[in-house]
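Take a look at the structure set out below.
All heavy atoms count here, side chains included; hydrogens, waters and symmetry mates do not. By convention in this document, chain letters (A, B, ...) are assigned in the order of the sequence lines, proteins followed by strands, and residues within each chain are numbered from 1.
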Protein chains: 2
Amino acid sequence: MEQSRKSRRVVSRRALANEIAQAIRLRMYRPGEWLRQIDLEEKFQATRFDVRAALEELAVRKTIEHVPNRGYRVAEIDLATYFAIRDTRIILETGAMTGVVAHITEEAIERLAVLAREFGEAVVSGTRIEQSEINGAFHHLIYAHCGNPVLEETIWALRDRSRGSQVTVWASHQALLASDRDHHAMIEALRRRDAPRLAELIRHHIDKDMVDETGQLPSLSA
Amino acid sequence: MEQSRKSRRVVSRRALANEIAQAIRLRMYRPGEWLRQIDLEEKFQATRFDVRAALEELAVRKTIEHVPNRGYRVAEIDLATYFAIRDTRIILETGAMTGVVAHITEEAIERLAVLAREFGEAVVSGTRIEQSEINGAFHHLIYAHCGNPVLEETIWALRDRSRGSQVTVWASHQALLASDRDHHAMIEALRRRDAPRLAELIRHHIDKDMVDETGQLPSLSA
DNA sequence: TGCGACTTAATTGGCGCCAATTATTGCACA
DNA sequence: TGTGCAATAATTGGCGCCAATTAAGTCGCA
């Protein structure tokens, strides 16, 4: 009981950074928004020191950006870096597919099928956040089976980095339905252990998710 | 004059971390070696606070590892992560080649040719550190022309991470000579804008540099 | 003489205070 | 009424001190 304050600290070094990252993922903080240290202190029940350490970690991971004497804010990435991240993701995530087909188990594929079904349901009756979380879990589970922890980690870091943008949320219902179809096609390719096909699907998937919504991009070009 | 202390601080946040990273790259600190904060304080003329921030940053970047209440030490990576980094590097660095042949200028290729020649000279009459620096500059210059800053940065981060190992230093003179030949072959392929050939050379280059020396690997398996 | 517990020394790491910087508000003046 | 300047308020960030933890050294005991 009397350790309630202290145990909080022990966990916080990395965990607090992840909690804040999670909050950014869930869009509780929008790109461009300032993260005031005092607010975070009480919101996450942490000391100023821990908050600062967490913010610094996120700044190193490029999830947020640091402006001296101004503070930290959710990185607002421009179109050029946006495409740069997309292209890098394509290289990494397609490159992971040979490993995935080599290592993934039948059980894992079944779990993926369940997630794909859940995503399909969330498309019609779920919130944006639910859709995003299930989609994240789906892809996370795929890359978790590439047999290369470093690759998995690198992929995840880049995905987190691209969240700090307005374009990652699906713009249209059509895009959501297309994503749903992609997921099922991926499972099909996984069952056949067809790495090239999978890579092509992934490439298309990333491309679409990140480009299909250029309709709302003008707000970014400012 | 009176800002001598302060200006030091302004630079330090990121720069001090890079200075320490550089020192690790140059093997002034060996894998497994503890980085004592007091030593770093006077060695780099920084405050304890800055040293700690820099160490934390390097820990986030996985260049060093942090053990609570013990301190920071150069990460001693095991064989499995070693191969994981190698495979991820191959995916990224070969994937960058299409961008490189599309964006690199003739002047840049000439500068690469100069570096390749310098490396060839360093192989016979230079120190290990000189060889390593020229080799780094050569590859850095290549990836600087891939037209994708994010990709370049990711590649560099991974390269830094693999330094924390005994196997990155060239073991044999033969390996050095082979590296030298590879460099010239790369320039040849660059002149012909032959991306597939370049990718194949890079793959072989990484593979060899990192595997050819398994002869001294037993020291790692401990 | 070897092993274990205790004492001492060295190192790390948490945290709060205050200075430095920046944003905001209000006021005077054109 | 609009604009520029000055005072005020709020926020960030540097840093030193000391508690907590760990490693090393020492002594006693079997």
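Here the P atom of nucleotide dA9(C) and the CZ atom of Arg36(B) are 17 Å apart, to the nearest Å. One interatomic measurement links the two molecules: CD1 of Ile64(A) to P of dT12(D), which rounds to 12 Å at whole-angstrom precision. One interatomic measurement links the two molecules: CD1 of Ile38(A) to C1' of dA23(C), which rounds to 14 Å at whole-angstrom precision. Across the protein-nucleic acid pair, Leu35(B) atom CG and dA10(C) atom C1' stand 17 Å apart, rounded to whole Å. Here dT22(C) presents its P atom at 12 Å from CH2 of Trp34(A), a figure rounded to the nearest Å. Distance, Arg14(B) CZ to dG13(D) P: 12 Å, rounded to whole Å. In this structure, the CD atom of Glu41(B) is 14 Å from the C1' atom of dA10(C), given to the nearest Å. Taking atom CZ of Arg73(B) as the reference point, atom C1' of dT22(D) lies 14 Å away to the nearest angstrom.
With dG13(C), dT11(D), dT11(C) as the candidates, the nucleotide lying closest to the side chain of Arg52(B) is dG13(C). Of the candidate nucleotides dC15(D), dC15(C), dT12(C), dT12(C) has the atom nearest to the side chain of Gln37(B). Distances from the side chain of Asn69(A) to the nucleotides dT11(C), dT11(D), dG13(D) place dG13(D) closest. With dC15(D), dT12(D), dG13(C) as the candidates, the nucleotide lying closest to the side chain of Phe49(B) is dC15(D).
Between Glu57(A) and Thr63(A), the closest side-chain pair of non-hydrogen atoms is not below 4.5 Å.
Of all heavy-atom pairs spanning Arg48(A) and Gln37(A), the tightest one is NH1-OE1, 3.3 Å. The two residues Ala199(A) and Thr94(A) come nearest to each other via the heavy atoms O-CG2, 3.4 Å.
Under 3.5 Å, the side chains of Asp78(B) and Thr81(B) contain a donor-acceptor pair of N or O atoms. Under the 3.5 Å distance criterion, with hydrogens and angles disregarded, no donor-acceptor pair is assigned to the side chains of Asn148(A) and His103(A).
With hydrogens and angles ignored, no donor-acceptor pair under 3.5 angstrom links the side chain of Arg48(A) to the base of dG16(C). Donor-acceptor pairing under 3.5 Å, judged by distance alone, is absent between the side chain of Arg70(A) and the base of dG13(D).
Nucleic acid contact class of Val67(B) (heavy atoms, under 4.0 Å, all strands): sugar-phosphate only.
Side-chain N/O atoms of His66(B) include none lying less than 4.0 angstrom from OP1 or OP2 on dT12(C).
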